[in-house]
Asker: 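Below you'll find the structure I mean.
Quick note on labels: first sequence line is chain A, next is B, and so on, each numbered from 1.
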4 protein chains.
Amino acid sequence: MAKTEKRPSRAEQKARRPQEILEAAFEEFTAKGYAATRVEDVAARLGVTKGTIYLYFPTKEVLFEEMFRHMSTPFKDVLASVGTFQGSYANRLRALLLLAYEKIPNDRKTRELLRLTLSDGTRFPDIVDRHFDEFIAPLVAAVRALVEEGVSAGEFRRGAAANYPDVVASSILHVAVWRLMFADRRPLDGPAFIEAHFDLALNGLLQRS
Amino acid sequence: MAKTEKRPSRAEQKARRPQEILEAAFEEFTAKGYAATRVEDVAARLGVTKGTIYLYFPTKEVLFEEMFRHMSTPFKDVLASVGTFQGSYANRLRALLLLAYEKIPNDRKTRELLRLTLSDGTRFPDIVDRHFDEFIAPLVAAVRALVEEGVSAGEFRRGAAANYPDVVASSILHVAVWRLMFADRRPLDGPAFIEAHFDLALNGLLQRS
Amino acid sequence: MAKTEKRPSRAEQKARRPQEILEAAFEEFTAKGYAATRVEDVAARLGVTKGTIYLYFPTKEVLFEEMFRHMSTPFKDVLASVGTFQGSYANRLRALLLLAYEKIPNDRKTRELLRLTLSDGTRFPDIVDRHFDEFIAPLVAAVRALVEEGVSAGEFRRGAAANYPDVVASSILHVAVWRLMFADRRPLDGPAFIEAHFDLALNGLLQRS
Amino acid sequence: MAKTEKRPSRAEQKARRPQEILEAAFEEFTAKGYAATRVEDVAARLGVTKGTIYLYFPTKEVLFEEMFRHMSTPFKDVLASVGTFQGSYANRLRALLLLAYEKIPNDRKTRELLRLTLSDGTRFPDIVDRHFDEFIAPLVAAVRALVEEGVSAGEFRRGAAANYPDVVASSILHVAVWRLMFADRRPLDGPAFIEAHFDLALNGLLQRS
DNA sequence: TATGAATGAGCTTTCATTCAT
DNA sequence: CATGAATGAAAGCTCATTCAT
C-alpha cells in the first residue's frame, strides 16, 4: 500500500508527457497568443528543452491545434442532462443557463479558448468552427428547445425573444468577454450579474399575467 | 477645371500620410493581430516601403498604439444625445440601445478594436483601459441612468435587472463577438436579433400590469 | 557704417557653406568615428537637411576625406621657422618641441585627426600617409637636423638617442594620446609635463661635463 | 592512440566556443572598430552563422565588452616582479621599461585594445577606465616608485623628470601608436628605438658626475 | 539652393526547426 | 527519450543616397 500515489514511474511520466506539453502550451498560447508564443516558452514551463516538444509535436501549428482540441472540454455532454430537468420551464431554463455560466465564463479553459478563437481564428479557421459546434450551437439549441417547450406549455410568451434564443443566453458571453478583458482589474460580481440576468430574462419571457 | 482632383501634390500627400498609414495599420493589425503583422505588410498595403513607415512612427509598438487611438471614435459624444430623448422610457431605452448597436457591433472600426483589445490587451494594457473608458463605462452609465429614471417614473419594475444594467446591454456585445468570430461565414440577422433583444429586455423591465 | 560685419550676405553665406559643412563634419566624425556618424547628424549640426550636404559632397566618404584635408593645418610651414632659431641648441630644441606641443597635443584639430587616423585609417589609408607626411616626418626631420647640428657643434652627446630622434619627441605623442583618451576626466598638467620632458631630454642629450 | 587529437567532441567544442568567439570578435573589432564590424563577420571568421554568436552573447555591445575584458591580460601581475629586481636603479629601470615594451607595444593584444580605447572609448566609457587602471596607472606607479628610490639612493638626479615619471615611460606609447598607425608599412626598428630610449632616459636621470 | 519624403540595401536580433550526441 | 548547439529565414529598424518640389 505504501507506494500508492507516489511520484509517477518513468513509464507513467512518459505517458503523461504529451498532456503536460499541451497544458503548458495552453498557458503560453492563451497568455500571449499564437504568434507571440515561442516554443521555447512552452518547454521552459515544463522544465524541458525545445527539442522535447518536437519529439511529440511536429510543428508549432500542430501543437497549437492539438492543444486547442485537448483543452476544449465537451459542453455537449453537459447539456445532455438538460433533458432530465424537472419543474417549471422557468426553473429548467434557469438551471440550463447556470450550467452554461459554469462551463463558459467561469471555466478558465473555455474562457481562454474563446480568446484564442477571437485572436487567432484567422490563422486557424478550424478552431472557429470547432468553437461553434462545441459551444455555441449546442447551447443555442438547448435554449431554443426549452423555450419552445415552455411556449407550447403556455408558460412562456410567444414573441420575438422566443424566436431568437441567442438573446436569452447572450449575457453569458458578456461575462466571458468581461473577464477576458479585465481579469482582476475590474472584477465582476458573478452571482449578482447572474441574478439580474435571470430576473430580466424570465420576466421577459414569462406570460404577462 | 481641368486639373482638379488630379494626383495629390507633394504637400497634400505628406499631410495625408500619417492617416493613410494608421488606416493601413488598422487593416493589418486587426486581420492578424499585433505579433503576426509585419511593418512591411502595412507598407505594402499603401504601396510604399518599410522605411516610409518609420519616417512617421518610430516603432511598431507606437504605430499600433497611435492606430488604436486614431481609430477609436468617440462614443461618449454619441451618448450625449440621450439626454434629449423624449417619450416613454421604453422608447428611450430602445433608442439608446439602437445607438449602441450602431456604434459597437455594426461599426467595423469599433468591432475590430474590440478584437484587438481581447487579443493584445496583455501587451498593451492601455488599450484595455481606453476601451473601458470609451465604450463600456459610458454605455453602462447611460443605460443605468435611463433605467433608474424609468423606475422612478414607475414605468420600469424595481428588481435585480434594474440594479445591474450591464445585463440589459449585454446582447450588444454578443453581436459584436459573433461578427468578429464568424464574419460572413455565419451571418447574423441583425434586425431580428435586435428586435428579440428589445422584446426580451423591455418585457423584462416593464411593470407587470 | 553701421552694418559692417553684420550677418553675411546670401552670397557670402553660400561661399562659406562648404567650409561650414566640413567643420560640422569634423565635430561629428571625431566624436563618433566614421561608421557611427550619420550624414544627417552633420546636417543637423548646421541646421540644414541631409540633402544640402549632398549638394556639396557626393558621398559620405568624400565628405570625410575632404574634411580631413580641410582640417589638417600645415605643420611643415610652422617648422620652417626652426631654421631661424638662435641661441644654444638646447634652447633651439626646446623651442622646437614647444612648437610641436602647440601644434599636436594642444591643438584640438590635430589631436582629433590623430584619433581618426588611428580609428579609421584602415578604411582610409590615405589619411595615414597624409598624417605621416604632414606631422610625423617633418617633426622627426626637424628634430633630427637640430640634434645632429647640436652634436656637430659639440653641445649634444653622440649616442643612441641622437641617432633616433623620435625618442626625443615621443612625449609629445604621449600627451596627445592621453588627452584623446581621458579628456577632462583625468586632466594632465601640461606645463609640468613639458617641463619634465625638457628636463629629461636635455639632460639626456647634453654632454656630460 | 589513434583517435587522439581528432576533431573535438561536442562537449569540448561547446566549452571552447565562447573563447573562440571572443577571439574572432577581437580580430574583427580591432580591424574595423565597433560600428563598422558586423556580427556576421565575427561568425564567418569562425565558420558559423550569426545565430550562433547570439547563443553565447545577447547583444553586439555585450560581445564587445566581454571581448575587451577577455583580451586584456593583466599587466599588474607582470609588474609585481619589479620588486625583486636587483642591481643599480638604472638597470632596474631598464628592466622595468623592457617589461612594459613587451606588454604594451609589442603585445598585439594590448596594442590593439589601445586602438579600440581611442576609437570607441566614447561609446564604451568603461574600457577607458579599465585601460587606465590596467595599464597606465600601474606602469606610472612602478616607474615613479623606482625613480624615487633611485633618487633617494643618490643614483638619480632630483628634478622635474623625476617628479613626472610619465615622461620617462612615454616613448613606450609612442611605439604602440606608431605600430597601430603604420603596421608594416613603415616598420619601426624596435631594439634600436628602445636603445635610444634607454640612452636618453638614463642619461637624463643619472646624476651628472 | 535647399528640402525632406522615399527608397532599398544592410544590420541586429529572433525563433522555428534540425540533428549529432 | 532528451538535449541544446546550430541553422537560416525572417522581422524590426537604420541610413546613405536620390529626386520631385
Asker: OP1 or OP2 of dA2(E) sitting under 4.0 Å from any side-chain N/O of Tyr54(C)?
Answerer: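 No, outside the criterion.
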
Asker: By nearest atom, which of the nucleotides dC11(E), dG10(E), dG8(F) is closest to the Arg38(D) side chain?
Answerer: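 Between dC11(E), dG10(E), dG8(F), the one nearest the side chain of Arg38(D) would be dC11(E).
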
Asker: What is the distance from NZ of Lys60(A) to P of dA9(F), rounded to the nearest Å?
Answerer: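 Answer to the nearest Å: 18 Å.
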
Asker: Treating Asp120(B) as the side-chain partner and Thr117(B) as the backbone partner, does any N or O pair qualify as donor plus acceptor under 3.5 Å?
Answerer: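 No, Asp120(B) side chain to Thr117(B) backbone: no donor-acceptor pair under 3.5 Å.
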
Asker: Measure OH/Tyr34(C) against C1'/dA16(F) and give the value in whole Å, please.
Answerer: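 It works out to 9 Å between those atoms.
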
Asker: For Phe26(C), is the NZ or CZ atom of Lys109(C) found under 6.0 angstrom from the centre of its six-membered ring and inside 45 degrees of the ring axis?
Answerer: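 No.
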
Asker: dG12(F) C1' sits how many Å from Arg123(B) CZ, rounded?
Answerer: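 Between C1' of dG12(F) and CZ of Arg123(B): 12 Å.
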
Asker: So, does Lys50(A) get its side chain near the phosphate of dG4(F), meaning an N or O under 4.0 Å from OP1 or OP2?
Answerer: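 False: Lys50(A) side-chain N/O out of range (4.0 Å or more) of dG4(F) OP1/OP2.
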
Asker: Which listed nucleotide (dC1(F), dA6(F), dT3(F)) is nearest to the side chain of Tyr56(A)?
Answerer: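 Per side-chain heavy atoms of Tyr56(A), the pick is dC1(F).
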
Asker: Taking the side chain of Thr49(A) as its heavy atoms from C-beta onward, which of dT3(F), dA2(F), dT17(F) lies nearest to it?
Answerer: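 Of the candidates, dT3(F) comes closest.
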
Asker: For the side chain of Val39(D), starting at C-beta, report the closest nucleotide among dT17(F), dT12(E), dG12(F).
Answerer: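 Taking heavy atoms from C-beta onward, the closest nucleotide is dT12(E).
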
Asker: What is the separation between atom CG on Leu46(C) and atom P on dT3(E), rounded to the nearest whole Å?
Answerer: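 Those two atoms, CG and P, are 10 Å apart.
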
Asker: Of all the nucleotides listed (dT14(E), dT3(E), dA16(F)), which has the minimum atom distance to the side chain of Leu55(C)?
Answerer: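 Nearest to the side-chain atoms of Leu55(C), counting from C-beta on, is dT3(E).
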
Asker: Are any of Thr52(B)'s side-chain N or O atoms less than 4.0 Å away from OP1 or OP2 of dA6(E)?
Answerer: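 Thr52(B) to dA6(E) OP1/OP2: no side-chain N or O under 4.0 Å.
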
